[in-house]
Visitor: 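Before I ask anything, let me first share the structure, which is written out below as structure tokens.
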Amino acid sequence: QVQLVESGGGLVQAGGSLKLSCAASGRTFSNYAMGWFRQAPGKERGFVALISWNDGYTYYEDSVKGRFTISRDNAKNTVYLQMSSLKPEDTAVYYCGAGRVASVQWDEYDYWGQGTQVTVSS
């Protein structure tokens, strides 16, 4: 089992920044690919960013490229999502997931956190 706890969400004005954290405990964190997904009201959970478990490979959804950065610190069992130039359409609950495969599909991930709300005001 892997337990994930997200933090760092909040209310921010458009153009602002937030840094989300996802702290992991349980099985060896460094063996898992990590992904960030988000879900807005009335919408399905959608891919935001991922990072591989071994070589630091990252991949982003098109709308966040150049604005968001995913990173991980295996010594701290934590993955981060630095979000800049935030837009109202970024408003959603953000979830981190851990899985054996780095995937843009949410159902490829085995473990999930409880989510953290990000609200961007215009």
Side-chain angles (χ1 to χ4, degrees):
Q1 290 285 336
V2 175
Q3 292 79 41
L4 302 173
V5 179
E6 300 98 334
S7 62
L11 173 64
V12 64
Q13 289 188 333
S17 299
L18 281 174
K19 186 174 184 178
L20 306 184
S21 299
C22 174
S25 60
R27 291 189 174 182
T28 306
F29 171 75
S30 59
N31 289 345
Y32 288 87
M34 300 297 295
W36 284 98
F37 289 72
R38 62 188 177 186
Q39 188 166 18
K43 295 188 177 181
E44 294 186 351
R45 188 172 299 191
F47 169 73
V48 176
L50 63 81
I51 187 166
S52 65
W53 69 272
N54 56 345
D55 60 1
Y57 171 78
T58 59
Y59 183 74
Y60 299 89
E61 192 269 330
D62 284 346
S63 71
V64 307
K65 285 180 181 177
R67 300 190 297 123
F68 291 10
T69 302
I70 188 172
S71 61
R72 67 190 297 163
D73 185 338
N74 287 342
K76 295 183 178 180
N77 289 352
T78 302
V79 63
Y80 305 97
L81 186 68
Q82 176 68 54
M83 306 186 294
S84 303
S85 302
L86 283 161
K87 304 175 181 180
E89 50 264 44
D90 294 318
T91 295
V93 177
Y94 283 70
Y95 299 90
C96 68
R100 293 295 187 180
V101 178
S103 174
V104 301
Q105 302 293 330
W106 68 267
D107 55 0
E108 295 278 358
Y109 291 79
D110 301 311
Y111 305 102
W112 291 96
Q114 82 290 349
T116 186
Q117 176 70 48
V118 171
T119 303
V120 184
S121 63
S122 57

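From a predicted model like this one, the values you see are computed outputs, not experimental measurements. Heavy atoms only: backbone and side chains are in, while hydrogens, waters and symmetry mates are out.
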Visitor: Once the angle between the rings of Tyr57 and Tyr59 is folded into 0 to 90°, is it parallel (under 30°), tilted (30 to 60°) or perpendicular (over 60°)?
Guide: parallel
Visitor: Treat each ILVMFWY residue as a node, draw an edge where side-chain heavy atoms are under 4.5 Å apart, and state whether Val120 and Val64 are in one component.
Guide: yes
Visitor: Keeping the roles fixed (side chain from Glu6, backbone from Gly115), state whether a donor-acceptor pair exists under 3.5 Å.
Guide: yes
Visitor: Between Val93 and Val48, is there a shared hydrophobic cluster once you connect ILVMFWY residues whose side-chain heavy atoms come closer than 4.5 Å?
Guide: no
Visitor: Out of curiosity, Gln3 CD to Asn77 CG, how far, rounded to the nearest 0.5 Å?
Guide: 11.0 Å
Visitor: Please tell me if the side chains of Asp110 and Arg100 come closer than 4.5 Å, counting only heavy atoms from C-beta onward.
Guide: yes
Visitor: Test your reading of the model: is there a side-chain donor-acceptor pair from Ser103 to the backbone of Val101, 3.5 Å cut-off?
Guide: no
Visitor: Take atom NZ in Lys43; do more than 12 heavy atoms of anything else shown fall under 6.0 Å from it?
Guide: no
Visitor: Just to verify, which of Trp36, Tyr109, Phe37 counts as forming a ring-ring contact (aromatic ring centres under 6.0 Å, His included) with Phe47?
Guide: Phe37
Visitor: Taking C-beta and beyond as the side chain, do Met83 and Val12 meet within less than 4.5 Å on heavy atoms?
Guide: no
Visitor: Would Thr91 and Arg38 satisfy side-chain contact (heavy atoms from CB on, under 4.5 Å), going step by step from the backbone distance to the final call?
Guide: CA-CA 9 Å; Thr91 295; Arg38 62 188 177 186; over 6 Å; no
Visitor: Check whether Ser84 reaches the backbone of Ser17 with its side chain - one donor and one acceptor, N or O, closer than 3.5 Å.
Guide: no
Visitor: Under a single-linkage definition using a 4.5 Å side-chain heavy-atom cutoff for Ile, Leu, Val, Met, Phe, Trp and Tyr, are Val118 and Val79 assigned to the same hydrophobic cluster?
Guide: yes
Visitor: In terms of hydrophobic clusters joined by side-chain contacts under 4.5 Å, are Val2 and Ile51 together?
Guide: yes
Visitor: Would you say Ile70 and Tyr60 make side-chain contact, with heavy atoms under 4.5 Å?
Guide: yes
Visitor: How long is the straight-line distance from CG of Asp73 back to OG of Ser30, given to the nearest 0.5 Å?
Guide: 11.5 Å
Visitor: Say whether, by atom type as modelled, one donor and one acceptor occur between the side chain of Arg72 and the main chain of Phe29 under 3.5 angstrom.
Guide: yes
Visitor: Does the distance from a Lys or Arg side-chain N to an Asp or Glu carboxylate O, for Asp90 and Lys87, drop under 4.0 Å?
Guide: no
Visitor: Once rounded to the nearest 0.5 Å, what's the spacing between atom OG1 of Thr78 and atom CG of Leu20?
Guide: 12.5 Å
Visitor: Applying ring-ring contact (aromatic ring centres under 6.0 Å, His included), which residue pairs with at least one partner in residues 66-108 are found, sequence neighbours left out?
Guide: none
Visitor: Rounded to the nearest 0.5 Å, what separates atom CE in Met34 from atom OG in Ser52?
Guide: 12.0 Å
Visitor: Scan side-chain atoms only and decide if Glu61 and Ser63 contain a donor-acceptor pair under the 3.5 Å cut-off.
Guide: yes
Visitor: When rounded to the nearest 0.5 angstrom, what is the spacing between OG in Ser21 and CD in Gln82?
Guide: 9.5 Å
Visitor: Spell out, yes or no, whether Val104 and Leu81 are grouped together once hydrophobic residues are joined by side-chain heavy atoms under 4.5 Å, including indirect joins.
Guide: no
